Amino acid sequence: MPELPEVETVRRGLESWVVGRQISAVEVLHPRAIRRHVPGVSDFRNALIGRRVVGACRRGKYLWLPLDSGDAVLAHLGMSGQLLMLEPSAPAGPHLRVRIAFDDDGPELRFVDQRTFGGLSVSIGGADLPPEIAHIARDIFDDRFDEAAFHTALRRRRTGLKRALLDQSLISGVGNIYADEALWRAKLHYARATETMRRPDTTRLLDGVRSVMASALEQGGTSFDSLYVNVNGESGYFDRSLAVYGRRGEPCPRCGTPIRRESFMNRSSYFCPHCQPRPRHPHW
DNA sequence: CGCAGGCCCTGGTAGC
DNA sequence: TGCTACCAGGGCCTGC
């Protein structure tokens, strides 16, 4: 669920809550939460304890906290991960995976994750950009995102448009929800063959991605349930503004045609069959 | 190398 | 009521 707007909301929260503070204790309650940290739990703890957090960064759906050692805490929320700021005395919920406490005895950082797709790791020398995520493309809000290069790379692909949009090495931060919403805004079908995309199509697509994510960010992200929350445990409101996602059978906000749901890539795709007509030569 | 599909995981819900 | 089946899906891995 957490896509760029949700992850950015969390990043902003971390920036105001943990930057400048020194880590005093680390507790790993579920080893799977740090499975990407190959050297293991004690190495993870040793790399953090005594270090100061000097920033809060994001690329796509990845977050990292640069440390004064030059390393970084790299985090991915997966489907259900939460990074919460809570008083050390706050009770541990059933899905608490990692606790990071600070030497000022103020609110601690807790990684809570029901479905355990997310996780934390220490990235050696990763303060500027963790090498583990060097293959992740820049996202639409990155000043150095290159629209022309994206268009060229897109046209080189031999696949369907939504598949390409979800490929984090082409453009990052887009997940299933905002992919459907962006395609609807751009009036493009999810199975449009990427090699048939013309420059105006790509411009419309990126405008759709940018505008839907900017709106979602303003509203603190999208929440369907209590799974996605900011660092204070609060949900966003953008789910009220979704045009197609999760709205099978409901009228398209633009033309009134009932929204259709199709199974694609083992997940749901929602679209308006009138505004987003099936291409003559779709790529499934 | 590019692309497609399987797998990981848990809680909620639909259906019998 | 109590069981099973299915659904949500991001990213890594494998195989073609």
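Residue numbering restarts at 1 for every chain, and letters A, B, ... go by the order of the sequence lines. Given the structure is predicted, the values throughout are model-derived calculations rather than measurements.
Looking only at distances, a side-chain donor or acceptor of A/R192 sits under 3.5 Å from a matching main-chain atom of A/T196.
Applying the 4.0 Å criterion to OP1 and OP2 of B/dC9, one finds that A/H95 has every side-chain N and O outside that range. For the OP1/OP2 pair of C/dA8 and a distance below 4.0 Å, the side-chain nitrogens and oxygens of A/S268 include at least one atom meeting the criterion.
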- [ ] Output, in order, the C-alpha distance, side-chain angles, deciding distance and verdict of side-chain hydrogen bond (donor to acceptor under 3.5 Å, both in side chains) for A/K162 and A/S269.
- [x] CA-CA 9 Å; A/K162 183 171 173 182; A/S269 277; 2.7 Å; yes
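Here C/dG11 presents its P atom at 4 Å from CD of A/Q168, a figure rounded to the nearest Å. Taking atom NZ of A/K61 as the reference point, atom P of C/dC12 lies 11 Å away to the nearest angstrom. Atom C1' of nucleotide C/dG10 and atom CD of A/E3 are separated by 10 Å, given to the nearest angstrom. At whole-Å resolution of the value, CD1 in A/I34 and C1' in B/dC8 are 17 Å apart. Rounded to whole angstrom, the span from the CG atom of A/L120 across to the P atom of C/dG10 amounts to 19 Å. At whole-Å resolution of the value, CZ in A/R115 and P in B/dC9 are 14 Å apart. Following rounding to the nearest Å, A/L74 (CG) and C/dG10 (C1') show an atom-to-atom distance of 14 Å. Separating the CD atom of A/E6 from the C1' atom of C/dG10 is a distance of 13 Å, rounded to the nearest angstrom.
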Open item on the list: Please encode protein proximity along nucleotides 1-7 of chain B as a string of B, S and -, counting only heavy-atom distances under 4.0 Å.
Closed with: --SSSS-
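Not a single side chain to side chain donor-acceptor pair (under 3.5 Å) links A/R260 to another residue, sequence neighbours left out. Residues satisfying the ring pair (Phe, Tyr, Trp, His ring centres under 6.0 Å) criterion with A/F141, sequence neighbours excluded, are absent altogether.
Using a 4.0 Å heavy-atom criterion, one finds that A/H30 contacts no nucleic acid atom at all. At the heavy-atom level, A/R261 lies under 4.0 Å from the strands shown only through sugar-phosphate atoms. Heavy atoms of A/R35 sit nowhere under 4.0 angstrom from any nucleic acid atom.
A side chain to side chain donor-acceptor pair (under 3.5 Å) with A/Y178 holds for exactly one of A/E6, A/E3, A/R185; it is A/E6.
Note that A/R21 lies in the cation-pi zone of A/F102, set by a 6.0 Å cut-off to the ring centre and a 45° limit from the axis.
Closest approach of A/I140 and A/M213 over heavy atoms only: CG2-SD, 4.3 Å.
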